[in-house]
Structure formats: structure tokens, C-alpha cells
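The analysis underlying the following values was restricted to heavy atoms, covering all of them including side chains, and did not include hydrogens, waters or symmetry mates.
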Amino acid sequence: MAPSGVDMNTPSIARVYDFFLGGKDNFAVDRAVAEHAVRITPDGPQAAQANRAFLRRVVRLLAAEQGVNQFLDIGSGLPTQGNVHQVALRHDAQARVVYVDNDPIVLAHGRALLASEGTATVIQADIRSPEAILEHPEVRQFLDFDRPIGLLLFAILHHLSDDESPKAVASTLIEALPSGSYVAISHFRDPGQRHPDASRKAHEVERVFNQSLGTGRWRTDEEILSFVEGLEVLEPGLVPLAEWRPEPDETTPDQSDTYHTFIGLVARKP
């Protein structure tokens, strides 16, 4: 039985990712989208795992080394292993996290997961309305906008089409952050002629995503970097997810087709 407000006949980004991560909170319509994409890039599940590993490394860096203990995770998806609040709390018992997603199933599962936590909450909102997120009472209750915040935009901006002004959305969110805050982004990339076979497959999967999910945009490095214009991009820059500060004992997902087409960065607001 699906939670109230959940459409089992329309695929959901959050549930497609859940399937890639080996979760069980997805429906046949979501699995059909994922399986179609996997026929083109068979390492799709490994790409999703690499994204989660990147997220965990970013949160650990910010909480353990940069003193950031507040996080706004937009497009958080369904709860899975290594959630932001779980990673952050290992390094700072005062950490606070707000999860944001527009899928009602995320709200239902997130509320159940966080019922006894007290250090994190989840709200249902859409990144296309960034002001509504920033002004949401729970966001203002949990996060202190006078202190640095970690803004997490993992696998979300590539689900905004160009005519939905993703750069303006990112700018609105970043402008609201205090000095010393950080922005982390993972994004689908079209590597162009540097990796022509990967670029060809990126275009094929983009077509599948837009036909089924109605969303998905593989952008160039320059387009992705424009989201953090004016910010200080941390080393090693905009790179494949596995190359962003891997930890010595970390097991790296075995990506092949998606290695150069799913990348990430972290930037600091001066």
C-alpha cells in the first residue's frame, strides 16, 4: 500500500534512485525506467553508490574538519544507509539536518525514520521554489542562518531543465547562506569529445530519462561550474565522484560507463 498522495503509476526520481541503491521503496514503473537506463549504462547502480559515497565523504569533511554542523539536503531522496545526519552526528553531537524532497513517499519514510531523532527533520518541498524552502518554518527552526551551513545538492540540479533556470535556483539558495558556508553538488555530465563513447551514452540515457521521468540534463563542466560562480572551489575541483578525496580504506564502486558522466564538487562561500 502506497502512502497517501503517492502515484504508483508515474515514475519518481527518488524511487528510481532507491532502486539503483538496492532499496525496496519503489514500484514497477520506477524499475522500468531504471532497467531501461541500465541497458545503456549497466553500471547505473554503481553510479548511485558512488554518489552516496561522495556524499558521505563531503559530510565527514565538513563536520569533522571544517566545523560545519548544519546541513540543508535538497533532493535528499529516500532514507538509506549513511544518511547525512548519521554521518554528521558521528563527528558532532550537535549536528542538525533538514532533508527536502518533493516526493510524498520521502516525507512518509523520512518522518518515520526521524521520529525519535530530534536532530533532523524532513519537509516536502520543490527545489524549483527555493524561496519556499528557505522560508519554511522547519528550516528556520532547525538551521541558524547566522552560522555556516552545508548546502547539499546531490543529483538534483540535473533534474531541472534549462528553462527552469537552475542557475537562478542555485543562486537564490547560495545567496541565503552566511559566509563560510559550503555547497556540494553532484551532477550528470556530458564529457564531449574528451570521452566520446561516454558522451554518446550520456545522450542516450538523457533521452530515456526525459521520455520516462520527464527530466534529466547532462551538462558540460562549464555549465556545472556556473552554479558556484564566485565561490572558492575546493581541491581537486570538479571531478568524477570516485576522484573527490577518496579515503584510503574506501571501497570504490566499479564504474565504467558512468565514470566520466557523473561528477561532483565542493565550494566555499567567502
Side-chain angles (χ1 to χ4, degrees), residues 2-7 10-18 55 59 68-79 83-85 88 95-115 117-187 213-217 219 224 226-231 267 269:
S4 176
V6 174
D7 182 357
T10 301
S12 150
I13 295 165
R15 299 195 306 265
V16 170
Y17 278 109
D18 177 69
L55 179 146
V59 174
V68 175
N69 66 358
Q70 307 185 97
F71 296 89
L72 180 59
D73 183 2
I74 303 180
S76 58
L78 284 152
N83 294 298
V84 173
H85 71 285
R96 310 277 280 182
V97 179
V98 176
Y99 296 105
V100 182
D101 205 284
N102 67 349
D103 191 326
I105 201 171
V106 174
L107 184 70
H109 285 259
R111 293 286 191 202
L113 174 72
L114 301 172
E117 295 282 350
T119 57
T121 189
V122 57
I123 66 169
Q124 186 179 347
D126 197 308
I127 193 173
R128 296 171 184 84
S129 302
E131 295 90 351
I133 295 173
L134 294 168
E135 295 166 6
H136 194 284
E138 285 189 69
V139 171
R140 290 292 165 174
Q141 174 191 342
F142 267 75
L143 305 181
D144 178 358
F145 279 77
D146 291 326
R147 296 190 299 109
I149 292 170
L151 172 62
L152 309 178
L153 301 172
F154 285 82
I156 181 65
L157 290 173
H158 56 227
H159 288 299
L160 297 185
S161 62
D162 292 345
D163 61 8
E164 290 173 315
S165 304
K167 185 175 179 180
V169 167
S171 295
T172 298
L173 293 166
I174 292 168
E175 276 180 24
L177 301 177
S179 175
S181 293
Y182 290 81
V183 181
I185 295 173
S186 66
H187 199 293
L213 286 171
T215 173
R217 176 80 160 75
R219 295 188 167 94
I224 298 167
S226 75
F227 295 135
V228 293
E229 193 172 352
L231 276 59
K269 183 174 181 179

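Using a distance-only test at 3.5 Å, with no hydrogens or angles considered, a donor-acceptor pair links the side chain of Lys269 to the main chain of Glu175. The main-chain N or O of Leu157 is found under 3.5 Å from a side-chain atom of Arg219 such that the two form a donor-acceptor pair. Side-chain atoms of Arg217 do not come within 3.5 Å of backbone N or O of Leu160 as any donor-acceptor pair.
Expressed to the nearest 0.5 Å, how far CG of Leu152 lies from CG of Leu72 amounts to 7.5 Å. To the nearest 0.5 Å, atom CG of residue Leu134 and atom CG of residue Leu177 are 8.0 Å apart. For the atom pair OG of Ser76 and CZ of Phe154, the computed distance is 12.0 Å after rounding to the nearest 0.5 Å. How far CZ of Arg96 is from CD1 of Ile149: 12.0 Å, rounded to the nearest 0.5 Å.
Considering only heavy atoms from C-beta on, Val98 stays 4.5 Å or farther from Glu138 through its side chain. Between Val97 and Gln70, every side-chain heavy-atom pair lies at or beyond the 4.5 Å cut-off. Side chains of Val84 and Leu55 form a contact here, defined as non-hydrogen atoms less than 4.5 Å apart. Within the 4.5 Å cutoff, the side chain of Val106 has no heavy atoms near those of the Tyr99 side chain. The side-chain heavy atoms of Arg140 and Phe145, taken from C-beta on, include a pair separated by under 4.5 Å. In this structure, Val183 and Leu153 have side chains that are in contact, with non-hydrogen atoms separated by less than 4.5 Å. Side-chain contact check for Leu231 versus Tyr182: every heavy-atom pair is 4.5 Å or farther apart. In this structure, the side chains of Ile13 and Ile156 stay at 4.5 Å or more apart for every pair of heavy atoms.
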**Report entry** Test log, rule side chain to side chain contact (heavy atoms under 4.5 Å, CB included), inputs Val169 and Arg128
**Finding:** CA-CA 7 Å; Val169 167; Arg128 296 171 184 84; 5.5 Å; no
Requested in this report: Kindly determine whether Leu151 and Ile174 satisfy side chain to side chain contact (heavy atoms under 4.5 Å, CB included), including the steps that lead there.
Outcome: CA-CA 8 Å; Leu151 172 62; Ile174 292 168; 4.2 Å; yes
Requested in this report: Begin from the C-alpha positions of Val100 and Gln124 and carry the test side chain to side chain contact (heavy atoms under 4.5 Å, CB included) through to its verdict.
Outcome: CA-CA 6 Å; Val100 182; Gln124 186 179 347; over 6 Å; no
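Minimum interatomic distance between Phe227 and Ile185 (heavy atoms only, all atoms of both residues): CB-CD1, 3.9 Å. Of all non-hydrogen atoms in Gly150 and Val68, the two that sit nearest each other are N-CG1, 3.6 Å. The shortest non-hydrogen separation linking Ser161 to Pro166 is O-CD, 3.4 Å. Nearest heavy atom pair, residue Gly180 against residue Pro148, reads O-CB, 3.4 Å. Across all their heavy atoms, His159 and Glu164 have their closest contact at O-OE1, 4.1 Å.
With no hydrogens or angles considered, no side-chain donor-acceptor pair links Arg147 and Ser181 at under 3.5 Å.
Between Asp126 and the choices Asn102, Asp103, Ile133, the side chain to side chain contact (heavy atoms under 4.5 Å, CB included) rule is met once, by Asn102.
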